[in-house]
2 protein chains.
Amino acid sequence: MAKQVVPESARRRRRPTQQGTVLSERLIVHTALRVLREHGSTGLTARRLGTALGADPSTLYRYFAGMDDLTRAIGEELMGQALDSWSATGEWRADLRALGLAIHSSYLAHPQAAALTASRVTGRPREIAVDETILGILRTAGFPDAAAVRLYHAFIDLSLAFAALDAGALALTEEARATDEEMWTSTYARLPAESYPHIAATARLLAARMPHSAYPVVLDTLLDDAAARLASARRG
Amino acid sequence: MAKQVVPESARRRRRPTQQGTVLSERLIVHTALRVLREHGSTGLTARRLGTALGADPSTLYRYFAGMDDLTRAIGEELMGQALDSWSATGEWRADLRALGLAIHSSYLAHPQAAALTASRVTGRPREIAVDETILGILRTAGFPDAAAVRLYHAFIDLSLAFAALDAGALALTEEARATDEEMWTSTYARLPAESYPHIAATARLLAARMPHSAYPVVLDTLLDDAAARLASARRG
DNA sequence: CGGTAGAGTCAACGGCGTTGGCATAAGAGT
DNA sequence: ACTCTTATGCCAACGCCGTTGACTCTACCG
């Protein structure tokens with residue numbers, strides 16, 4: 001078997017598999033995304049991916065060091081899609097907000113994949129590009145370096161943490177997800193008011209709000225705070 | 001085998017295993033936490049847990065419907081420990097802050113377990129108790145129901161999302177974690193200033209800040225915002 | 001138009017969650 | 001104190017899983 005994985009750029013011969021497909025990192029990652037969507041976040045297995053590709057499972061080890069390596073490549077793909085779907089306007093607050101939402105929705109577009117990768121930090125190219133972009137927006141907007149780094153840290157971790165949390169909820173099977181959402185109208189809405197007065201009093205509001213993500217609310221709070229600090233620093 | 005799991009309260013006979021241990025849900029959950037700590041977040045297996053308990057793996061199915069059910073019980077235990085370590089003072093902002101930090105640090109105290117459970121919502125008793133507590137603090141502080149629910153939602157999801165994110169980082173093996181932290185002094189600090197001017201300019205600040213959690217900063221931002229809204233509503 | 005080594009295949013290993021059938025001893029009822 | 005019932009733990013087995021080493025074949029280099 002492969003002593004070490006051949007980097008994609010150095011790959012020369014493209015021998016088709018028995019079933020005729022010609023493999024590539026790109027094809028494998030995209031097929032993995034499809035398998036994840038169809039079989040859930042725990043449904044990506046070497047055998048299944050091999051079958052989906054029309055190749056022997058062990059062939060994957062010619063392209064990735066193991067399933068863990070493949071997982072990181074999937075995460076990098078999600079981050080890349082977020083960056084591609086975003087464009088700068090020059091208005092720092094709007095740009096940051098849009099970038100955060102782009103990252104969030106890129107992950108939510110592949111919830112099963114996101115649940116697998118969102119808490120991994122890889123240091124791969126597209127991830128670094130996102131970091132450079134965020135820091136650039138903040139420093140160009142006039143934040144001093146210390147404030148920019150502090151805000152960058154809060155921004156990126158907040159976005160990734162919510163991407164993981166919300167993706168985890170979406171990645172459940174359809175029935176499990178429905179059960180979870182209904183929990184606010186079934187379990188929580190029926191708790192006795194004597195023991196749980198506050199939940200009982202707000203049950204209707206909870207059922208309306210909890211199925212949505214809190215990310216936009218928290219993100220806006222963070223950006224409002226940053227804008228206020230920037231304005232007051234300019235005045236003072 | 002067990003058609004269905006016998007609830008812990010209805011359990012009568014406590015027959016010791018061949019190796020002499022007397023099982024219980026509590027013992028199993030606590031042993032599972034130990035196994036997770038020793039073998040990592042993917043190291044909890046039915047066979048290993050059975051060995052650690054001195055019991056056959058299949059015996060676990062007398063207590064839990066499957067490994068997934070056990071996982072939820074572990075999450076419930078973490079939430080319970082958070083609630084136990086917290087006490088109210090009556091000052092809403094301080095109480096909320098302390099509760100958030102209690103949840104966060106309860107999860108981080110068992111990072112391998114947290115990585116497994118933080119994004120699950122179970123609707124079990126201790127979890128409901130936490131929800132009731134938070135809503136109680138907010139409504140007693142004078143927030144109208146709509147604002148209380150909005151803030152509750154942001155608060156709990158923020159806390160769980162960061163618990164999961166930060167636990168994920170801590171749950172890596174010691175060497176992998178060290179490698180990740182050093183990435184800010186190795187990879188990021190050495191990126192060429194021509195291609196990555198903003199990262200290069202702030203490399204030292206990044207290396208100092210990134211290994212810590214952004215949770216307290218974001219939590220305080222959220223609570224500051226809430227306090228300001230409450231004060232202005234009182235004035236208006 | 002060979003020779004070579006890289007890409008795909010095959011078979012196997014040990015470990016996983018889970019199940020059905022079975023032995024046995026704890027506790028209820030007398 | 002004795003029996004009876006059945007909850008509880010054990011065993012063996014099933015079909016998955018990731019991964020590996022030895023292999024075959026074929027695309028490309030010269």
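Every value quoted in this text rests on a predicted model; they were computed, and no experiment measured them. Every chain is numbered from 1 and lettered A, B, ... according to where its sequence line falls, protein lines coming before strand lines.
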With a 4.0 Å cutoff (strictly under), does any side-chain N or O of B:Tyr63 reach OP1 or OP2 of D:dG9? yes
Greater than 12 external heavy atoms within 6.0 Å of A:His212's NE2: no
What is the separation between atom CG on A:Leu60 and atom P on D:dC17, rounded to the nearest whole Å? 13 Å
In this structure, how many angstroms lie between the P atom of D:dT8 and the CG atom of B:Leu27, rounded? 15 Å
Hey, what do you get for CD (B:Glu25) to CD (B:Glu76), rounding to the nearest 0.5 Å? 10.5 Å
Do A:Trp86 and A:Thr133 touch side chain to side chain, with heavy atoms closer than 4.5 Å? yes
Could I get the full list of salt bridge (Lys or Arg N to Asp or Glu O under 4.0 Å) partners for B:Arg126, not counting sequence neighbours? B:Asp84
Taking only N and O in the side chain of B:Thr59, is any of them less than 4.0 Å away from OP1 or OP2 of D:dC10? yes
Would you kindly compare B:Arg47 and B:Gly54 by the position of their nearest DNA chain D nucleotide and give the one closer to the 5′ end? B:Gly54
Among D:dG9, D:dC10, C:dT19, the nucleotide that comes nearest once only the side chain of B:Tyr61 is considered: C:dT19
Expressed in angstrom and rounded to an integer, what is the separation of A:Leu49 atom CG from C:dT9 atom P? 13 Å
With sugar-phosphate meaning primed atoms plus P, OP1 and OP2, does B:Thr45 contact a base, only sugar-phosphate, or nothing at under 4.0 Å between heavy atoms? sugar-phosphate
Select base, sugar-phosphate, or nothing to describe what B:Leu44 touches, counting heavy atoms under 4.0 Å on all strands. sugar-phosphate
How long is the line joining CZ of A:Phe64 and P of C:dA7, in whole Å? 14 Å
Rounded distance in Å - CG (B:Leu23) to P (C:dA26): 14 Å
For the pair B:Tyr152 and A:Trp184, name the ring-plane relationship: parallel under 30°, tilted 30 to 60°, perpendicular over 60°. perpendicular
What nucleic acid atoms does B:Leu70 come within less than 4.0 Å of, heavy atoms only: base, sugar-phosphate, or nothing? nothing
C:dA23 C1' sits how many Å from B:Asp56 CG, rounded? 13 Å
Which whole-number value in Å describes the distance from A:Arg62 CZ to D:dT26 C1'? 13 Å
Starting at atom NE2 of B:His39, determine the distance to atom P of C:dC16, rounded to an integer number of angstrom. 10 Å
